[in-house]
Colleague: 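Handing you a structure now.
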Amino acid sequence: MAAGKGEPAGTVRLRLDLAYEGTEFSGWARQPGRRTVQGELEAALGRVLRLPDPPSLTVAGRTDAGVHARGQVAHLDLVPDALDALERRGGRERGPMTVAERLDALTRRLAGVLPADIRVHAVGVAPDGFDARFSALFRRYAYRVCDRPAGVDPLRRREVLWHPRPLADDRLNAASARLLGEHDFAAFCRRRDGATTIRELQRLDWARDGQGLLVATVVADAFCHSMVRALVGSLLAVGEGQRPVEWPGDVLVKGVRDSGVNVAPAHGLCLEEVGYPPPAELTGRAAMTRRLRTLTSG
């Protein structure tokens with residue numbers, strides 16, 4: 001297994017598909033003294049692979065504290081010998097394990113050491129040029145809201161927001177449509193030095209599921225910090241009739257954070273899917289994503 005493009009020489013890049021229930025985490029990113037998804041997963045990988053130091057993970061989307069993920073993707077680079085720790089006992093009698101067998105063993109052993117609120121569903125050798133963050137074409141989130149007077153089913157309280165006032169589906173969708181396209185979403189993001197707030201919002205719509213919950217589907221090439229929750233917060237104000245349908249679009253055009261935009265609570269948000277191009281397009285996609293984006297006029 002030779003190193004592919006974008007990987008350090010002499011390493012193999014692995015892709016991890018994972019899920020987590022974010023309630024008890026201080027977000028994805030490793031932080032001293034705090035329980036994070038990255039910290040737990042890197043520690044588990046180091047333990048299972050018997051590494052002197054935990055490996056470093058690169059993730060598709062760094063979720064905030066309390067946000068869940070059903071379709072998160074991460075990658076890590078390992079020297080091929082690191083997988084030797086996965087050899088089965090008595091392996092000499094049955095012959096060495098194949099790469100596929102070792103990766104299957106890694107998935108099973110991670111299930112045995114990870115806490116119950118993280119699960120790695122699959123581990124595979126990433127194709128050449130794959131980068132979990134920069135190769136992604138889109139991230140799809142769902143935000144779930146209950147507006148029933150009785151409140152949320154207690155078995156789903158950690159993943160659904162209760163909104164105490166009724167919400168009008170048509171108003172939510174009319175306001176959402178005004179936000180689609182490539183824009184500077186500075187009005188709905190927390191700024192970070194050196195980071196652009198220009199994003200392409202590819203989909204934003206609301207629908208009732210079979211249980212009557214309102215589910216917002218939000219798809220973009222990437223998201224800036226707190227963007228989805230700020231968008232949802234502004235739209236909920238429209239859905240209950242507190243703000244006019246045009247208001248979120250007007251806030252977007254002004255380009256400055258409006259004090260009326262409330263960031264929706266984290267627990268209603270879940271990263272559902274990360275999409276990638278075919279293997280032949282991975283390197284080009286990563287190079288394109290790394291460029292600092294600006295808006296073109298006209």
Side-chain angles (χ1 to χ4, degrees), residues 21-23 27-28 61-72 138-148 151-152 156-181 183-191 197 199-209 211-273:
E21 203 268 271
T23 305
W28 163 268
R62 295 174 58 172
T63 50
D64 293 337
V67 175
H68 316 297
R70 184 172 284 108
Q72 182 68 279
F138 67 85
R139 284 91 170 160
R140 176 171 64 87
Y141 282 86
Y143 197 99
R144 295 175 172 86
V145 183
C146 171
D147 62 349
R148 292 192 295 260
V152 179
R156 302 193 65 182
R157 68 191 185 280
R158 290 189 164 192
E159 62 167 340
V160 179
L161 173 71
W162 180 49
H163 194 79
R165 292 169 291 280
L167 296 163
D169 305 24
D170 56 343
R171 290 177 60 84
L172 289 168
N173 280 311
S176 297
R178 290 169 164 79
L179 301 170
L180 296 174
H183 308 286
D184 187 339
F185 283 91
F188 297 98
C189 297
R190 294 180 183 173
R191 288 191 177 274
T197 50
R199 298 290 188 267
E200 182 188 6
L201 188 59
Q202 301 166 357
R203 179 180 174 185
L204 176 53
D205 54 59
W206 299 75
R208 300 271 177 180
D209 68 7
Q211 297 179 319
L213 298 179
L214 267 166
V215 182
T217 299
V218 193
V219 180
D221 53 351
F223 292 92
C224 45
H225 191 212
S226 83
M227 177 176 163
V228 178
R229 292 164 56 203
L231 289 171
V232 168
S234 69
L235 293 168
L236 291 178
V238 173
E240 69 174 41
Q242 181 183 353
R243 295 280 186 170
V245 167
E246 300 79 13
W247 178 65
D250 292 342
V251 172
L252 175 68
V253 171
K254 290 177 183 176
V256 294
R257 194 64 173 258
D258 191 300
S259 60
V261 174
N262 294 316
V263 176
H267 72 276
L269 185 60
C270 182
L271 174 59
E272 299 285 343
E273 180 188 11

Colleague: Going by heavy atoms in the side chains, are His163 and Leu214 under 4.5 Å from each other?
Modeller: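 A side-chain contact is absent here, since even the closest heavy-atom pair is not under 4.5 Å.
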Colleague: Excluding sequence neighbours, so at least two apart, what forms side chain to side chain donor-acceptor pair (under 3.5 Å) with Thr197?
Modeller: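 Here the qualifying residues are Asp184.
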Colleague: Return the minimal non-hydrogen interatomic distance between Leu172 and Gly239, and the atom names on each side.
Modeller: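 Leu172 and Gly239 have their closest heavy atoms at CD2-CA, 3.8 Å.
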Colleague: Check whether any side-chain heavy atom of Arg70 sits under 4.5 Å from a side-chain heavy atom of Glu272, and report yes or no.
Modeller: yes
Colleague: Around atom CZ of Arg178, are there more than 12 heavy atoms of other residues, nucleotides or ligands at under 6.0 Å?
Modeller: yes
Colleague: Taking side chain as C-beta onward, heavy atoms only, is Val251 less than 4.5 Å from Ser234?
Modeller: no
Colleague: Say you draw a straight line from CG of Leu179 to CZ of Arg199; how long is it, rounded to the nearest 0.5 Å?
Modeller: 15.5 Å
Colleague: How long is the straight-line distance from CZ of Arg139 back to CD of Gln202, given to the nearest 0.5 Å?
Modeller: 10.5 Å
Colleague: So, does Trp162 use its side chain to make a donor-acceptor pair with the main chain of Arg148 at under 3.5 Å?
Modeller: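 A pair under 3.5 Å: yes.
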Colleague: Nearest 0.5 Å please: distance from the CZ atom of Arg203 over to the OG1 atom of Thr217.
Modeller: 4.5 Å
Colleague: Sort and list the pairs that fulfil disulfide bond (SG atoms under 2.5 Å apart) and have at least one residue in residues 225-263, not counting sequence neighbours.
Modeller: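 Non-adjacent pairs meeting disulfide bond (SG atoms under 2.5 Å apart): zero.
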Colleague: To the nearest 0.5 Å, what is the distance between CG on Asn262 and CD on Gln242?
Modeller: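 Going from CG on Asn262 over to CD on Gln242, the span is 7.5 Å.
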Colleague: Evaluate the side chain to side chain contact (heavy atoms under 4.5 Å, CB included) criterion for residues Val261 and Trp247: first the C-alpha distance (whole Å), next the side-chain angles of each, then the deciding distance (0.1 Å), finally the verdict.
Modeller: CA-CA 10 Å; Val261 174; Trp247 178 65; 3.8 Å; yes
Colleague: Tell me every residue that passes salt bridge (Lys or Arg N to Asp or Glu O under 4.0 Å) with Arg157, counting only those two or more places apart in sequence or in another chain.
Modeller: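 Arg157: no salt bridge (Lys or Arg N to Asp or Glu O under 4.0 Å) contacts found.
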Colleague: Please name all residues satisfying side-chain contact (heavy atoms from CB on, under 4.5 Å) with Val263, sequence neighbours left out, ordered by chain then number.
Modeller: Arg229, Ala230, Arg257
Colleague: Hydrogens and angles aside, do His68 and Glu159 bring a side-chain donor and acceptor to less than 3.5 Å of each other?
Modeller: no
Colleague: Can you find a heavy atom in the side chain of Leu269 that is under 4.5 Å from one in the side chain of Asp64?
Modeller: no
Colleague: Can you measure from CZ (Arg243) to CG (Leu235) and round to the nearest 0.5 angstrom?
Modeller: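 Nearest 0.5 Å value for the CZ-CG distance: 12.5 Å.
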Colleague: Find the distance between CD (Gln72) and CZ (Arg62) and round it off to the nearest 0.5 Å.
Modeller: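 Here the rounded value is 11.0 Å.
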Colleague: Which pairs, with at least one residue in residues 213-232 and sequence neighbours excluded, count as a ring-ring contact (aromatic ring centres under 6.0 Å, His included)?
Modeller: Tyr141-Phe223
Colleague: With sequence neighbours excluded, tell me which residues meet side chain to side chain donor-acceptor pair (under 3.5 Å) with Glu273.
Modeller: Arg140
Colleague: Would you say the side chain of Tyr143 lies within less than 4.5 Å of the side chain of Val67, judging by non-hydrogen atoms?
Modeller: no
Colleague: For the residue pair Leu201 and His183, establish whether any side-chain heavy-atom pair is separated by less than 4.5 Å.
Modeller: no
Colleague: Tell me, with the steps shown, if Arg165 and Asp147 meet side chain to side chain contact (heavy atoms under 4.5 Å, CB included).
Modeller: CA-CA 6 Å; Arg165 292 169 291 280; Asp147 62 349; over 6 Å; no
Colleague: Which heavy atom of Ala264 sits nearest a heavy atom of Gly233, and at what distance?
Modeller: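 Scanning both residues, the minimum pair turns out to be CB-N, 4.1 Å.
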Colleague: Establish, from distance only, whether the side-chain atoms of Gln211 and Arg156 form a donor-acceptor pair under 3.5 Å.
Modeller: yes
Colleague: Please name the pair of heavy atoms, one in Ala187 and one in Val256, separated by the smallest distance, quoted to 0.1 Å.
Modeller: CB-O, 3.4 Å
Colleague: Under 4.5 Å between any side-chain heavy atoms of Asn173 and Trp206, yes or no?
Modeller: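 Yes. Closest side-chain heavy atoms under 4.5 Å.
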